[in-house]
Amino acid sequence: MTDQATGPMAGKTVLVTGGTGGIGKATAIGLSAMGARVGITGRDRGRAEAAAADIARESGSQSVDVFVADMSVQADVRRLAGEVLERYPRLDVLVNNVGGFWAHRHVTADGLEHTFALNHLAPFLLTNLLLERLKASAPARVVTVSSGAQSMGRIDFDDLQGARKYSGQQAYNQSKLANVMFTYELARRLQGSGVTATVVHPGVTRTAFGAEDQAWYFSKGSSFARRFMKSPAQGAESPIYLASSPEVEGVTGRYFANRKPKDSNKASYDTEATARLWRVSAELVGLSGGQ
Ligand SMILES: NC(=O)c1ccc[n+]([C@@H]2O[C@H](COP(=O)([O-])OP(=O)(O)OC[C@H]3O[C@@H](n4cnc5c(N)ncnc54)[C@H](OP(=O)(O)O)[C@@H]3O)[C@@H](O)[C@H]2O)c1
């Protein structure tokens, strides 16, 4: 049971995006159980409040906050950031967990391809909007949940939105590689600030992942495959480790799986490409000065 006063995360404030289910909810439970004040986000207030009640019950915490936002919509991400800044005078850890897979091409309210907008641009924008608060709370951490799919990713700068040709898998792989490249560029920009940036593959985990617009190869045989997947609590182990462990204090610009640093896609080490992706992303979300 939690000791909110003396747990290893006591006094820390953490925001976990997408905390209503799956890996995000399990991450929120784990960090709450260590004594952190945890905020979760979700699109639907009822679902988010029910999840917060579960998280509080399972962790023994009385400090679980709910933020409601559709993070595929940039205006909602901006409103969310404003509410977080208003409610949290300090922010010690941001876990960028929201993400998903869509078999077909969908377009967001901002006219952007949904996978790229939600999986990459939303954490890019939210992190940038919360960066000064994270710096003021240093030592602080940004943990972004990517996927092993990053290793198959390719950033198609000529068709980032999959407008010419869309494949759900390629869009997902690209967005998860973008998570890694974003983290490496962020870590470079944050050198000396006391804020670290790491990125993680949680492992293949039994969640609602991909359910909104399922690819045939997910549904086919998936009930059999699901038996061999990690539980949400197991999938949350590495994100929780990166968010909280003293072992990774000061560690930045690294990709992890199973709590161990791993090499990522070769393309992620191309510093020109990471800087280019940052510039293009800043333009797409309307952040000035390549900020
Ligand atoms: N599961 C796996 O095997 C696996 C493997 C590798 C990486 N990952 C990564 O792990 C992360 C979490 O995935 P998961 O498997 O836990 O997925 P999940 O069970 O589908 O949970 C997704 C979470 O994101 C929220 N969400 C979805 N769309 C949103 C939107 N437009 N705006 C705001 N919130 C939104 C959902 O909340 P609401 O529906 O309540 O809004 C939910 O809390 C993702 O980044 C995924 O790419 C998963």
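Starting from 1, each residue takes its place in the sequence as its number. These numbers come from a predicted model, not from an experiment.
The existence of a salt bridge linking Lys165 and Asp159 is excluded, since no basic side-chain nitrogen approaches an acidic carboxylate oxygen closer than 4.0 Å. In summary, Arg79 and Glu83 engage in a salt bridge, as defined by a charged side-chain N under 4.0 Å from a carboxylate O. The residues Arg141 and Glu249 are annotated as salt-bridged, a charged nitrogen and a carboxylate oxygen being separated by less than 4.0 angstrom. Arg78 has no carboxylate O lying under 4.0 Å from a charged side-chain N of Asp76, or vice versa, which leaves the two without a salt bridge. Ion pair Arg279/Glu283 not flagged as a salt bridge, since none of the NZ, NE, NH1 or NH2 atoms sits closer than 4.0 Å to an Asp/Glu carboxylate oxygen. With respect to Arg45 and Glu49, a salt bridge is recorded, a charged nitrogen being found less than 4.0 Å from a carboxylate O.
The closest side-chain heavy-atom distance from Ile23 to Asn97 is below 4.5 Å. Within the 4.5 Å cutoff, the side chain of Arg206 has no heavy atoms near those of the Lys230 side chain. In this structure, Leu177 and Gln174 have side chains that are not in contact, with every pair of non-hydrogen atoms separated by 4.5 Å or more. Using a 4.5 Å heavy-atom cutoff, the side chains of Leu112 and Gln74 are in contact. Taking the side chain as every heavy atom from C-beta outward, Tyr255 and His201 approach each other to under 4.5 Å. Annotation: side chain of His120 is in contact with side chain of Leu277 (closest heavy-atom distance under 4.5 Å). For the pair Val280/Leu160, a side-chain contact is recorded, criterion being any heavy-atom separation below 4.5 Å from C-beta on. Between Leu134 and Val142, some side-chain heavy-atom pair lies under the 4.5 Å cut-off.
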Kindly determine whether Val95 and Thr17 satisfy side chain to side chain contact (heavy atoms under 4.5 Å, CB included), including the steps that lead there. CA-CA 6 Å; Val95 182; Thr17 67; over 6 Å; no
Check the pair Gln191 / Ser193 against side chain to side chain donor-acceptor pair (under 3.5 Å), numbers first and verdict last. CA-CA 6 Å; Gln191 278 303 340; Ser193 70; over 6 Å; no
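The minimum heavy-atom distance linking Val73 with Ala109 is given by the pair CG2-CB, 4.2 Å. Contact record, Pro239 with Thr27: CB-OG1, 4.0 Å, taken as the closest heavy-atom pair. Contact between Gly22 and Pro232 at its shortest, heavy atoms only, is O-CB, 3.7 Å. Closest heavy-atom contact between Val98 and Leu118: CG1-CD1, 3.5 Å.
To the nearest 0.5 angstrom, Ile240 atom CD1 is 10.0 Å from Met9 atom CE. Atom-to-atom distance recorded for Lys25:NZ and Thr20:OG1 is 8.0 Å, nearest 0.5 angstrom. Atom OH of Tyr184 is separated from atom OG1 of Thr274 by 10.5 Å, given to the nearest 0.5 angstrom. Rounding to the nearest 0.5 angstrom, the gap separating the CZ atom in Arg189 from the CZ atom in Phe182 is 10.0 Å.
Ring centroid separation for the pair Tyr88 and Phe67 comes in under the 6.0 Å cut-off.
Put simply, the residue from Leu130, Val93, Ile40 that forms a side-chain contact (heavy atoms from CB on, under 4.5 Å) with Leu15 is Leu130.
Figure legend: cation-pi geometry between Arg188 and Trp278 absent, as NZ or CZ is not positioned both under 6.0 Å from the six-membered ring centre and within 45° of its axis.
No side-chain donor from either of Ser238 and Asn258 sits under 3.5 Å from a side-chain acceptor of the other.
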